[in-house]
Amino acid sequence: MADLLLGQVIRFTGDPFDTLHAAETLSQGGVLVGAGRILAVGDGTTLRREHPGARVHDYGQKLISAGFIDAHVHYPQTAIIASWGKRLIDWLNTYTFPEEMRFADRAYADQIADRYLDLVLQRGTTTVCSYATIHPESVDAIFTAAQARGMRVFAGKTCMDRNAPDGLRDTAQSAYDDSKRLLANWHGVDRLSYVITPRFSPTSTPEQLAALGALWREYPDCLMQTHLSEQIDEIAWVRDLFPQSRDYLDTYEAQGLVREGAVFGHAIHLTDREKARLVEAGASLVHCPTSNTFIGSGLFDIGLAQSLRVGLATDTGGGSSFSMLRTMAAAYEVAQLRGRSLHPAQLWWLATQGSARALRAEDRIGNIAPGMEADLVVIDLASTPAIAQAAARAEGLWQALFPTIMLGDDRAVAAVWVNGKPVVT
Ligand code: GUN
Ligand code: ZN
């Protein structure tokens with residue numbers, strides 16, 4: 001039996017970084033869902049008349065949107081979120097690596113994977129693209145947890161063969177072998193996608209990057225994710241480690257890791273050559289604003305969304321929140337610091353279609369349109385007294401949504417649908 005969700009509907013007919021007309025709202029809209037897909041979208045009363053057998057879920061004035069897509073996370077860092085007082089390299093050595101060591105234990109990996117996916121679902125996130133740890137079992141854990149929830153999830157084994165502690169290093173060969181086996185086991189199973197995942201150039205030898213470049217050539221349709229130019233100290237370290245490379249991007253480019261389907265997290269301090277090369281290659285960038293402020297990395301240039309696929313992400317646990325609402329607020333603030341006021345429709349697009357495009361999955365997720373997968377979030381625009389009084393003064397839906405973007409938390413998430421089924425109500 002089909003389900004009919006009634007409420008105010010947000011959908012995109014194009015990119016609001018090109019024109020704001022690409023963001024559409026239906027004030028008394030409806031979304032018809034069946035067999036995990038969106039069957040129809042339009043006027044609520046009309047859909048109700050045309051589909052009298054559908055189960056009706058009347059969300060009143062609440063907003064129905066595509067679920068949020070968090071395009072760069074480290075699920076194994078769930079328990080170390082909000083760790084005090086370090087910048088990138090010290091933060092990795094002090095908090096991250098000791099915690100990631102624990103994922104050699106499959107039971108612990110399962111526990112955190114379950115906890116993590118429940119935390120994000122409660123916040124309206126229906127897809128994540130995650131790094132695991134070097135342990136293959138940590139990939140099995142997140143995919144098993146995602147499968148149990150019917151979620152579309154991207155993930156890969158993090159590869160590191162240097163500059164990481166004992167117990168947290170693989171080799172070029174084992175990274176290739178383990179990644180290939182995991183890819184064969186999981187890629188395309190249900191809603192799961194394997195992502196080839198060298199952590200970043202400082203923790204991979206050129207030999208390891210080359211091995212993963214070779215693997216990617218064997219499986220060209222999967223994504224490759226890594227970090228790029230996050231902090232100034234990190235970039236200087238890359239220069240020391242790769243004296244023959246022109247710049248940070250070149251350390252990946254030299255091994256065949258820069259092309260369509262490459263997803264670079266952070267990408268804050270880019271040279272003109274790197275920007276031009278990224279555009280030419282059709283690569284994707286992921287903006288991680290709460291992480292970039294929390295770890296003290298810098299201010300991403302959202303103007304790059306004009307020429308590149310740019311997604312939005314929490315970067316859990318370098319980021320300081322599991323919530324894509326909080327992440328949109330941070331993206332707004334970072335853009336303000338660079339002299340630009342992002343429109344609420346642009347923020348919302350980044351958290352849905354923008355991230356879907358960055359992950360090259362925009363034909364399936366991140367928007368409300370017939371044929372798209374039915375991953376939806378229902379947002380209460382008056383979830384607290386503070387938000388309600390600010391929204392009451394707003395003109396139009398986008399301005400009414402802005403107080404929720406800036407002040408909203410999990411209380412704003414009234415319902416979440418995954419694969420056509422309600423999972424948070
Ligand atoms: N660079 C390499 N690894 C990491 C990580 O785990 N988090 C962040 N924010 N940056 C990284
Ligand atoms: Zn990261």
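All heavy atoms count here, side chains included; hydrogens, waters and symmetry mates do not. As the structure lists them, so they are numbered: ligands from 1, and atoms in each ligand from 1.
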Checklist entry - Between Thr314 (side chain) and Thr316 (backbone), is there a donor-acceptor pair under 3.5 Å? => result yes
Item to check | Arg149 side chain vs Ala145 backbone, donor-acceptor pair below 3.5 Å | outcome: yes
Checklist entry - Which N/O/S atom belongs to Asp315 and is the closest one to the Zn ion (ligand 2)? => result OD1
Next on the checklist: Let's go through Ile405 and Trp348 carefully: what are the C-alpha distance in whole Å and the side-chain angles of both, what is the deciding distance for side chain to side chain contact (heavy atoms under 4.5 Å, CB included) to 0.1 Å, and is it a yes or a no?
Outcome noted: CA-CA 9 Å; Ile405 291 176; Trp348 208 266; 4.0 Å; yes
Checklist entry - Heavy atom under 4.0 Å from ligand 1: found in Trp91's side chain, backbone, both, or neither? => result side chain
Item to check | the Zn ion (ligand 2) reached by His266 (N, O or S, under 2.8 Å) | outcome: no
Item to check | Test item: Gln8 side-chain N/O and Leu63 main-chain N/O as donor-acceptor pair under 3.5 Å | outcome: no
Next on the checklist: As an exercise, identify every atom of ligand 1 less than 4.0 angstrom from a heavy atom of Arg199.
Outcome noted: 2 (C), 3 (N), 4 (C), 5 (C), 6 (O)
Checklist entry - Should you measure from each heavy atom of His266, which atoms of ligand 1 turn up under 4.0 Å away? => result 9 (N)
Next on the checklist: So if I count the atoms of ligand 1 from 1 in the order they appear, which ones are less than 4.0 Å from some heavy atom of Leu88?
Outcome noted: 8 (C), 10 (N), 11 (C)
Next on the checklist: For Thr203, which part has a heavy atom under 4.0 Å from ligand 1: side chain, backbone, both, or neither?
Outcome noted: neither
Item to check | For Phe200, atoms of ligand 1 separated by under 4.0 Å from a heavy atom | outcome: 1 (N), 2 (C)
Checklist entry - Would you call Arg191 and Asp375 a salt bridge, using N to O less than 4.0 angstrom? => result yes
Checklist entry - Does an N or O from Asp315, backbone or side chain, lie closer than 3.5 Å to an N or O of ligand 1? => result yes
Next on the checklist: Let me confirm one number: the OH-CZ distance from Tyr252 to Phe200, rounded to the nearest 0.5 Å.
Outcome noted: 7.5 Å
Next on the checklist: Residue-level breakdown please: for Glu230 versus ligand 1, do any non-hydrogen atoms fall below 4.0 Å on the side chain, on the backbone, on both, or on neither?
Outcome noted: side chain
Checklist entry - Do Tyr194 and Lys157 come within less than 4.5 Å of each other through their side chains, counting heavy atoms only? => result yes
Item to check | Of the N, O or S atoms in His74, the one nearest the Zn ion (ligand 2) | outcome: NE2
Checklist entry - Is the distance from the Zn ion (ligand 2) to some N, O or S atom of His72 under 2.8 Å? => result yes
Next on the checklist: For a 4.5 angstrom cut-off between non-hydrogen side-chain atoms, does Val41 reach Pro370?
Outcome noted: yes
